[in-house]
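Reviewing the structure listed below.
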Amino acid sequence: MISTKLTELLGIDHPVISAPMGSVSGGRLATAVTGAGGLGLVGVSYGDAAFIDEHVAQAAQGGGVWGVGCVMFTFDERPGLWDKVLGYAPPVIALSFGDADQVRRYVASAADTGAHVVVQVHDPEQAAVAVQAGASVLVAQGAEAGGHHKTQATLPLIPAVLDLTQGAVPVVAAGGFADGRGLAAALALGADGVMMGTRFALTEESMGTPGFKSSLISGATADLVDTRAFDVVRGIPWDEVYRARSVSNAFTRAWTGRDGELAARRGEIEPEWVAAVARDDTSQRALFAGEVLDLVQDVRPAASVVHDTVAEAEAILRGLTARLTP
């Protein structure tokens, strides 16, 4: 097995984390990843109380080291949901997308429960805030990630964050990882593990719909587009420094770059869009995916993803060691 500061801190077997993707990472996926020796996270930020009671409860019943992923600014807008999440006593609480004040507040609140607090960051400045706030683990997410991201690429971001933290906390690499090659590369950079989203979205246990999964499998990295259209139509106030990466479809082609007009016509367009999502209309719904899309071409059990990723990374690391000469 591969031992890192992450596996030692959390008491898990493998340095592999499933990203807490909204509407994709439910209790079943988190339980499968945790059961395979990784860290499974339930994505709860776009959920409601009923979603939490179903999926966080399912992860809790599965036992082991599991966690929840919370987008901080969305919890500020949903009074009572944070306390409901904490009521399930998750061993790990992963926080993302908050300003400095939100990071300090949520890290302190989560740490008070005794949980390990993971904070996702997108640049060294955010990393400094998270460490000062008391984060247990940092997830450094590069621009190759699916869904919401900033602009700094993963390859230079990881060592920059490591130079800043100086070993104070484990650092997990995210954005551009889908297999053991990525894990080996992340470890070579000095990271303590990887968080993978798109690869776990295409597993048997993910909540992704049939249309979502088939669109990602048939799609290619060249089909991806950065857009704010899905945020605007949903009325979710994402900071404009973030874009969301999705497989291009009729909706993104019609509305990307027309944020003002879409916002003005939201009352007219949103009901039709919601109805399209409900019937899994892939020409309209969000199809969030990362730049690893060319590498992910099947739907597999989550446990297989964990085990194959680690086995491949181990083989690569042994091969690299064999290249060394006295």
Side-chain angles (χ1 to χ4, degrees), residues 19-25 41 43-48 51 69-79 81-82 94-103 106 120-123 126 139 141-152 174-175 197-198 201 207-209 211-212 215-216 219 223-291 293:
M21 301 165 282
S23 304
V24 173
S25 301
L41 299 176
V44 300
S45 292
Y46 293 139
D48 54 16
F51 181 93
C70 305
V71 173
M72 288 174 274
F73 80 83
T74 68
F75 272 84
D76 269 3
E77 299 171 350
R78 293 170 169 81
L81 289 191
W82 178 246
L95 304 170
S96 59
F97 301 108
D99 60 29
D101 174 68
Q102 289 166 330
V103 170
Y106 280 97
Q120 181 173 292
V121 301
H122 305 86
D123 54 48
Q126 291 182 346
V139 172
Q141 186 199 64
E144 295 89 333
H148 292 86
H149 61 277
K150 289 183 74 174
T151 58
Q152 190 164 349
T198 304
M207 295 175 64
T209 64
F212 172 84
S215 294
L216 265 59
D223 300 326
L224 298 172
V225 61
D226 283 350
T227 184
R228 285 177 45 81
F230 297 115
D231 299 332
V232 175
V233 76
R234 293 180 294 177
I236 301 176
W238 278 91
D239 189 314
E240 292 189 5
V241 301
Y242 297 106
R243 294 290 187 274
R245 179 168 287 119
S246 173
V247 177
S248 176
N249 60 12
F251 191 82
T252 64
R253 289 189 289 272
W255 291 109
T256 296
R258 300 169 63 191
D259 297 352
E261 182 182 353
L262 180 55
R265 295 178 57 189
R266 182 175 164 236
E268 163 199 350
I269 295 168
E270 183 186 21
E272 297 176 358
W273 183 83
V274 169
V277 172
R279 62 177 182 268
D280 200 17
D281 183 347
T282 57
S283 73
Q284 301 296 309
R285 62 164 299 144
L287 301 167
F288 294 141
E291 291 188 352
L293 199 56

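What you see is a predicted model, and the numbers here were worked out from it, not measured in a lab.
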- Message: Are Ser248 and Arg253 packed together at the side-chain level, in the sense that at least one heavy-atom pair is separated by less than 4.5 angstrom?
- Response: yes
- Query: Shortest non-hydrogen contact from Gly98 to Val103?
  - Reply: O-CG2, 3.9 Å
- Task: Work out which heavy atom in Phe212 is nearest to a heavy atom in Ala201; give both atom names and the distance.
- Result: CE2-CB, 4.0 Å
- Task: Kindly compute the distance separating CZ (Phe51) from OG (Ser23), expressed to the nearest 0.5 Å.
- Result: 7.0 Å
- Message: Tell me if the aromatic rings of Phe251 and Phe230 count as close, with their centers under 6.0 Å from one another.
- Response: yes
- If only atom types and distance count, is the side chain of Asn249 paired as donor or acceptor with the main-chain N or O of Thr252 below 3.5 Å? yes
- Is the side chain of Arg266 donor-acceptor paired with the backbone N or O of Arg234 at a distance under 3.5 Å, no angle test? yes
- Sub-4.5 Å side-chain heavy-atom contact between Val121 and Val139: no
- dist Ser96:OG -> Gln102:CD (nearest 0.5 Å) comes out at 10.5 Å
- Task: Find the distance between CD (Glu144) and CD (Gln152) and round it off to the nearest 0.5 Å.
- Result: 10.0 Å
- Is it true that a side-chain atom of Glu272 and a backbone atom of Ile269 form a donor plus acceptor pair closer than 3.5 Å? no
- Message: Quiz question: by atom type and distance under 3.5 Å, do the side chains of Arg285 and Thr209 form a donor-acceptor pair?
- Response: yes
- Item | Crowding at CD, Glu268 (>12 non-hydrogen neighbours, <6.0 Å) | yes
- Message: When you measure from the side chain of Thr198 to the backbone of Ala289, do you find a donor-acceptor pair of N or O atoms at a distance under 3.5 Å?
- Response: no
- Query: So, for Ala19 and Ser25, which heavy atoms are closest and what is the spacing to 0.1 Å?
  - Reply: O-OG, 2.6 Å
- Message: Looking at every non-hydrogen atom in both residues, tell me the closest pair between Gly69 and Pro20 and how far apart they are.
- Response: CA-CB, 3.6 Å
- Query: Can you tell me if Arg245 uses its side chain to pair, donor with acceptor, with the backbone of Asp226 under 3.5 Å?
  - Reply: no
- Query: Just how far is it from atom CD of Glu270 to atom CG of Leu262, taken to the nearest 0.5 Å?
  - Reply: 9.5 Å
- How many angstroms lie between CG in Asp280 and OG in Ser215, if you round to the nearest 0.5 Å? 7.5 Å
- Task: Could you tell me whether a side-chain N or O of Ser246 sits under 3.5 Å from a main-chain N or O of Leu287, the two making a donor and an acceptor?
- Result: yes
- Please test Tyr46 against Ile236 for side-chain contact (heavy atoms from CB on, under 4.5 Å), starting from the C-alpha separation and ending with a verdict. CA-CA 10 Å; Tyr46 293 139; Ile236 301 176; 3.7 Å; yes
- Which atom names give the shortest non-hydrogen contact between Trp255 and Ala229, and what distance separates them? CB-CB, 4.0 Å
- Please report the closest heavy-atom contact between Phe75 and Ser45, naming both atoms and the distance. CE1-OG, 3.6 Å
- Looking at His148, Gln141, Lys150, which hits side-chain hydrogen bond (donor to acceptor under 3.5 Å, both in side chains) with His122? Gln141
- Message: Has His149 got a side-chain atom pairing as donor or acceptor with Arg243's backbone, closer than 3.5 angstrom?
- Response: yes
- Item | ring pair (Phe, Tyr, Trp, His ring centres under 6.0 Å) between Phe73 and Trp238, intermediate numbers included | CA-CA 9 Å; Phe73 80 83; Trp238 278 91; 4.9 Å; yes
